[in-house]
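A, B, ... follow the sequence lines: proteins, then strands. Residue 1 opens every chain.
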2 protein chains.
Amino acid sequence: METWMAQPDLDEIDVATVLQALADPTRLRIVRLLDQVEESTCTALDLPVKVSTVSHHVNILRHSGVVSTRIDGTARPSRLRRDDLEHRFPGLLSSILAATPPCAPEPAAPPDRDDRGAGPAPSARKVV
Amino acid sequence: METWMAQPDLDEIDVATVLQALADPTRLRIVRLLDQVEESTCTALDLPVKVSTVSHHVNILRHSGVVSTRIDGTARPSRLRRDDLEHRFPGLLSSILAATPPCAPEPAAPPDRDDRGAGPAPSARKVV
DNA sequence: CTCTATTTACGACGAGTATCGTAAGAGGAG
DNA sequence: CTCCTCTTACGATACTCGTCGTAAATAGAG
């Protein structure tokens, strides 16, 4: 039987907390990496910060409900809670991952350019 | 001809900047209010902070690309850039607004400090 | 048992920022 | 014109938080 670390239940996930968790660049990068490798430990993640800092960020991501962490001996591999987040906030995580250019290998065609319908066009208006 | 304040162009909107803008509770509340009233000035928004602070937050929201501000005499009514955001990050803003109840109580984050718990598997994920 | 590798808890420090009060522009009313 | 309201720019302050180094806890290997 696999053991997991404590994490918020599905209906306990707060959108404000999730946004706060995803607001940090390092944490957003962790989410991007986990989107690619599916599962990884703190030391395996290639990040420009120390491992203790990575552990701190993964904790925040888990407490916010973004990732879940499994206990495997001394290792703590984490993965994205894709289905949970998609069920709770449909389209949120997917749009964030799709819109992230730096490490995204362009999986599919970018969003079609349907020439905005009613959006403000700053260039066509007087801007102060 | 309407005059608008400077704002980032559609393809200049960065998802990390947007997430950082939406991470603040006061700004998220502003977004919620603008979702209901469609357009409002800083003084008209009912918020527990001073007007100068509201203006500061609206500036951040505009620079991140979340809202656009019109110049109407001395007034500066702002509104959500719904179509732009939907076009750039499909499903992001809508999922956030859908997950945020209009009169939601302040989410006091429960101090779930049970990190090393190695507790039972989360009920949402049945593990072996 | 000892030894080592992995992870996290704990302070501590520094940068970023949310908030405020005040004051200065800007535009409408009289 | 003057007066008033709305908005924002500017410091100043307090506080959150991202980062680090160190140490403790855990589990596997020898």
Side-chain angles (χ1 to χ4, degrees), chain A residues 1-7 16-31 34 39-64 67-79 126-128, chain B residues 2-7 16-17 19-31 34 39-64 67-79 106-109 111-119:
Chain A
M1 169 178 173
E2 287 180 332
T3 317
W4 299 75
M5 302 191 69
Q7 65 179 18
T17 309
V18 171
L19 291 175
Q20 260 183 8
L22 298 177
D24 183 75
T26 303
R27 289 196 288 265
L28 186 59
R29 194 164 173 179
I30 293 177
V31 171
L34 289 180
E39 192 180 63
S40 176
T41 63
C42 290
T43 48
L45 292 172
D46 187 26
L47 291 168
V49 293
K50 298 300 175 187
V51 188
S52 59
T53 304
V54 178
S55 176
H56 168 68
H57 284 310
V58 171
N59 270 329
I60 294 180
L61 287 174
R62 182 178 58 255
H63 285 123
S64 68
V67 306
S68 63
T69 304
R70 188 167 56 88
I71 297 182
D72 180 22
T74 61
R76 302 289 190 276
S78 299
R79 64 179 62 184
K126 182 178 181 181
V127 176
V128 181
Chain B
E2 287 181 332
T3 315
W4 298 75
M5 302 191 69
Q7 64 179 19
T17 308
L19 289 175
Q20 236 174 6
L22 297 178
D24 183 78
T26 303
R27 289 195 288 266
L28 185 60
R29 195 163 173 180
I30 292 177
V31 171
L34 289 181
E39 192 179 63
S40 177
T41 62
C42 291
T43 48
L45 291 172
D46 187 27
L47 291 168
V49 292
K50 296 302 174 186
V51 187
S52 58
T53 305
V54 177
S55 176
H56 167 68
H57 285 310
V58 171
N59 270 328
I60 294 180
L61 287 174
R62 183 177 58 254
H63 285 124
S64 69
V67 306
S68 63
T69 304
R70 190 166 55 89
I71 297 182
D72 180 22
T74 61
R76 301 290 189 278
S78 299
R79 63 179 65 182
E106 281 306 317
D112 186 10
R113 310 298 295 178
D114 190 10
D115 288 346
R116 314 192 48 77

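- Shown here are the side chain to side chain donor-acceptor pair (under 3.5 Å) partners of A:Ser55, two or more places apart in sequence or in another chain: there are none.
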Nucleotide-resolved protein contact map, nucleotides 18-30 of chain C, B/S/- at heavy-atom distance under 4.0 Å: SBBB----BS---
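- Summarising the geometry, the separation between CD1 on A:Ile30 and C1' on D:dT19 is reported as 13 Å, rounded to the nearest angstrom.
- Residues satisfying the side chain to side chain donor-acceptor pair (under 3.5 Å) criterion with B:Ser78, sequence neighbours excluded, are B:Thr69.
- Distances shorter than 4.0 Å separate none of the side-chain N or O atoms of B:Thr41 from OP1 or OP2 on D:dC6.
- Here B:Ser40 pairs with nothing under the side chain to side chain donor-acceptor pair (under 3.5 Å) rule; sequence neighbours left out.
- Atom-to-atom, CE of A:Met5 to P of C:dT6 comes out at 17 Å; the value is rounded to the nearest Å.
- Remark: B:Arg70 pairs with B:Glu2, B:Glu39 by the salt bridge (Lys or Arg N to Asp or Glu O under 4.0 Å) rule, at least two apart or across chains.
- B:Ile30 contributes atom CD1, which lies 9.5 Å from atom CG of B:Leu28 (distance to the nearest 0.5 angstrom).
- Checking D:dT8, C:dT7, C:dA9 against every side-chain atom of A:Asn59, the shortest atom distance belongs to C:dA9.
- Among pairs with a residue in residues 43-64 of chain B, none fulfils salt bridge (Lys or Arg N to Asp or Glu O under 4.0 Å), at least two apart in sequence or across chains.
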